[in-house]
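Inspection log for the structure reproduced underneath, given as structure tokens.
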Amino acid sequence: MTVAVPIIRLICDIVTFFFAQIPIREAMHEYSLSHVLAMALADLMAIVWIPEILQFANIGSDAATVLSVFMLALIAYSLLLMTVDTMSQLARSRSALKCIANVSDALPLPNQVPEETVVRRINRGLAHMRCFVSDANNLDKRGYSYRYSAPISTGSRQYYLAMERSILNRPFMSTDETILLTCGGVLAESLRVNKEVTLLRTQAETDTLTGALTYRAFIGHLKSLQTENVHNLVAVVYFGVEHLRTVNEHYGRKIGNAVLRSVGMRLGQLLPENATLSRVNGAEFAMIVTDVTSTSDVEELATRMRNLAVMPVYTEEGEVSVEVSSSISFSNATDGFAVLLADASAHIYESESSNLPAVDGTTAMLAAQNDSNDYVNASDVLRHAIEDNTISVLYQPIFDVNTKHITSLDTIVRVHDEKGRTLAPYFVTAEAHRLNMSVQLTLDVLETCVKDMTAFRKVAPELDIVDICMNGSELGASIFHERLEQLTHEQPQLRFGLQLGSHAIHVAHDEVDDEVADLAALPNVELGLTNAGTTYSEVAAFAHLPLDFARFDKTVVRDFHTPRAKQIMQRTLEISRDNDAFHVVFDGVETLEQVEFIRSIGGTLAEGTLLSNAMNANEFLMRLETMGTSLPEAAPRQAE
């Protein structure tokens with residue numbers, strides 16, 4: 001009996017190790033002290049317990065009976081041992097599943113030290129063992145044994161996930177190795193995905209030409225600072241490369257790109273640790289400086305960076321001179337980051353005349369050409385131009401492509417600062433709306449058009465239509481309605497085409513339906529849709545507004561080869577054919593192919609550089625006196 005009980009226990013252990021897929025030799029080496037003591041105690045109890053059963057059963061001295069009962073007792077003992085071992089295996093399997101589930105719940109793993117998250121989750125699900133990160137897979141500590149995952153590489157470092165058991169808590173089982181292999185694989189895959197995502201994000205947020213961040217990354221950084229640096233002063237410094245268009249035209253775009261690359265590298269050389277550099281549009285860079293302690297320090301830094309950037313650039317075409325302007329915006333306690341975000345949104349638009357950005361005028365500055373400290377506030381420039389009525393109007397002729405005669409005129413508002421630089425039309429319209437001066441601006445344009453049209457009609461009496469763009473603020477202003485009604489009586493020979501943009505469409509549809517109807521009822525007023533083909537708002541406009549004409553945006557006309565753009569223009573022309581009073585204008589005509597396309601789909605009215613450039617009143621009057629309203633025989637010609 002003393003020999004049989006330990007043998008039975010060893011046989012049960014061997015069967016357990018076999019089903020647990022643990023090699024017998026390895027299992028024997030992994031016997032823990034606690035396991036040996038527990039099994040010895042169980043054997044001792046069995047040796048004492050089995051004779052007691054025989055004595056209690058009083059089976060006598062029959063050898064066969066004694067042997068039978070003895071075998072039954074050993075079988076019961078072995079079943080008890082197998083049950084305990086099976087329950088232990090189930091408990092370990094449950095712990096393994098819990099560990100893997102804990103690691104899965106943590107996905108996606110953080111970019112920074114993801115291995116710490118995995119180790120913490122494993123230790124939360126396991127008892128009597130410790131998981132940690134090891135740089136080696138040959139640890140040897142007296143009284144402990146170890147298991148390791150597959151090597152995990154981060155490029156600069158290779159490490160392992162390791163499990164440690166003391167002599168009291170052995171052996172390791174296959175479930176423990178499964179935990180290591182599975183969690184190690186999850187960690188390795190997470191590191192690979194994070195690396196690829198970081199690479200893709202870096203590529204998406206980095207300008208390939210200059211190495212600076214992109215405009216989208218610039219805006220994202222500002223928005224993140226809005227929540228992180230609420231109490232800190234943040235500055236944004238804009239650096240604009242002047243006359244880049246002239247450089248491209250004279251030397252070629254390759255040299256222009258070399259100039260931009262050099263400016264970006266020079267600005268990056270002086271970039272402090274608490275700053276980032278972005279390329280916010282074609283010819284402009286922006287530097288975000290956080291934790292600003294002194295505004296004068298930022299101004300001094302901007303001056304040093306600008307002085308370095310304006311050094312001549314040596315190219316394969318020779319030495320190219322560079323001019324760089326700078327402007328600075330600071331966050332403040334009152335408006336916080338609203339000012340910086342408004343400036344950032346506006347700086348994506350470039351001035352047409354000098355590649356300077358058309359900016360929101362809250363704090364953004366147009367930099368002077370020679371002195372970096374000579375700033376002109378764009379909002380003040382526009383405000384003074386409207387108040388003093390010093391705006392100018394350019395006239396873009398609209399031609400009938402069949403008769404080759406001017407049928408009407410489109411207007412473009414021009415505002416110049418004291419240096420002669422032009423504010424972009426988009427900025428003029430948007431900023432006038434923000435300043436609540438849209439009505440006064442439109443009235444000034446209207447008065448200018450009436451005066452100029454009177455002079456034009458002395459030479460060309462058949463010219464009687466002029467189109468004016470509005471942003472919607474005028475629709476609810478009684479002074480605008482009264483003056484327009486007065487002009488229709490004073491100038492019955494003139495017709496005014498009022499063009500509504502996307503903002504004006506919403507205003508007209510949601511707020512001033514009656515006022516729009518009153519405007520449309522005036523005898524010499526036509527309502528039109530500008531930038532057609534670029535917004536879903538026009539669907540509502542066609543349905544709800546009494547429109548007389550639509551002007552296709554130049555981007556739609558430029559893409560006339562694409563089936564969708566062609567379909568949009570054809571459907572709109574079908575609307576015009578159903579309504580004889582409705583007409584369609586194609587803007588941005590620059591090639592003979594576009595003219596032929598317009599004719600092929602039944603269009604007649606077009607404007608663009610191929611037919612005529614925009615002109616001021618004197619230039620257009622001179623053209624009327626020399627050529628009249630007809631298109632010269634040599635035109636249209638292919639634009640160079």
Side-chain angles (χ1 to χ4, degrees), residues 352-353 384-400 403-416 420 422-423 425 428-429 432 438-470 474 479-499 519 522-528 530 548-549 551 583 585 587 605-633 635:
E352 294 183 353
S353 63
H384 294 322
I386 297 176
E387 291 174 349
D388 302 337
N389 195 12
T390 57
I391 63 170
S392 59
V393 178
L394 299 185
Y395 296 94
Q396 178 85 45
I398 300 173
F399 284 87
D400 186 318
T403 64
K404 298 183 180 179
H405 277 74
I406 299 175
T407 61
S408 58
L409 296 176
D410 186 19
T411 56
I412 302 173
V413 180
R414 277 290 184 265
V415 177
H416 303 276
T422 304
L423 301 184
V428 171
T429 306
S438 292
V439 177
Q440 187 176 348
L441 173 63
T442 306
L443 285 175
D444 290 346
V445 173
L446 196 59
E447 299 292 346
T448 303
C449 289
V450 169
K451 181 184 68 173
D452 292 340
M453 287 294 290
T454 303
F456 299 158
R457 284 179 51 79
K458 291 179 180 178
V459 181
E462 68 275 18
L463 200 58
D464 60 351
I465 306 177
V466 62
D467 295 339
I468 300 171
C469 189
M470 304 191 305
E474 307 88 346
I479 185 174
F480 176 75
H481 286 255
E482 293 170 1
R483 181 53 183 156
L484 191 58
E485 185 176 3
Q486 183 182 2
L487 285 175
T488 57
H489 292 296
E490 294 176 357
Q491 306 286 341
Q493 72 283 4
L494 289 182
R495 286 188 291 167
F496 303 97
L498 303 181
Q499 304 179 57
L519 279 179
L522 293 176
N524 294 345
V525 172
E526 297 180 353
L527 291 182
T530 189
D548 299 292
F549 66 94
R551 181 185 306 279
H583 57 275
V585 180
D587 191 8
L605 302 180
E607 63 174 295
T609 55
L610 178 70
L611 304 170
S612 174
N613 291 321
M615 295 169 277
N616 61 36
N618 292 333
E619 292 171 337
F620 185 66
L621 184 59
M622 184 181 300
R623 185 202 187 282
L624 290 177
E625 292 173 346
T626 55
M627 293 182 289
T629 58
S630 62
L631 198 63
E633 290 300 325

Would you check if the side chain of Asn524 reaches a backbone N or O of Leu494 as a donor-acceptor pair within less than 3.5 Å?
yes

Please report, to 0.1 Å, the donor-acceptor pairs under 3.5 Å made by any side chain of residues 455-465, with sequence neighbours excluded.
| residue | atom | partner | partner atom | Å |
| --- | --- | --- | --- | --- |
| Arg457 | NH1 | Pro461 | O | 2.6 |
| Arg457 | NH1 | Leu463 | O | 3.2 |
| Glu462 | OE2 | Thr629 | OG1 | 3.0 |

Quick check against the 3.5 Å criterion: does Thr442 have a side-chain atom that pairs as donor or acceptor with the backbone of Val439?
no

Say whether Asn389 and Glu447, considering side chains only, have a donor N or O and an acceptor N or O under 3.5 Å apart.
no

Measuring from atom CG of Leu443 to atom CD of Glu474, what distance do you get when rounded to the nearest 0.5 angstrom?
8.0 Å

Looking at OG of Ser438 and CZ of Phe480, how far apart are the two atoms once the value is rounded to the nearest 0.5 Å?
11.0 Å

Side-chain (Arg623) to main-chain (Gly628) donor-acceptor, under 3.5 angstrom:
yes

Where Thr411 and Cys469 come nearest, the two heavy atoms and their spacing:
OG1-N, 4.4 Å

Between NE2 of His481 and CD of Gln486, what distance do you get to the nearest 0.5 Å?
14.5 Å

Would the number of heavy atoms belonging to other residues, nucleotides or ligands and lying under 6.0 Å from CE of Met627 be above 12?
yes

Do you know the tightest heavy-atom contact between Ser630 and His405?
CB-NE2, 3.6 Å

Nearest heavy-atom pair of Cys449 and Val466: which atoms, and what distance?
SG-CG2, 4.0 Å

Please enumerate all residues that pass side-chain contact (heavy atoms from CB on, under 4.5 Å) together with Gln440, with sequence neighbours excluded.
Ile386, Met437, Asp444

Just how far is it from atom CD of Glu607 to atom CG of Asp467, taken to the nearest 0.5 Å?
8.0 Å

Closest heavy-atom contact between Phe399 and Ser612?
CE1-CB, 3.8 Å

Just do the side chain to side chain donor-acceptor pair (under 3.5 Å) check on Gln499 and Asp410 with the steps written out, would you?
CA-CA 10 Å; Gln499 304 179 57; Asp410 186 19; 2.9 Å; yes

For a quick test of reading the model, state the closest non-hydrogen atom pair linking Ile398 to Leu409 and the distance between them.
CD1-C, 4.4 Å

What's the separation between atom CD in Glu485 and atom CG in Leu519, rounded to the nearest 0.5 Å?
9.5 Å

Can any side-chain N or O of Asp548 pair as donor or acceptor with the backbone N or O of Gly528 at less than 3.5 Å?
no

Do you know which two heavy atoms are closest between Pro397 and Phe620, and how far apart they sit?
CG-CE1, 3.8 Å

Can you measure from CE (Met615) to CD1 (Ile412) and round to the nearest 0.5 angstrom?
10.5 Å

Let me see the working for His416 and Ser392 under side-chain contact (heavy atoms from CB on, under 4.5 Å), right down to the final yes or no.
CA-CA 9 Å; His416 303 276; Ser392 59; 4.1 Å; yes

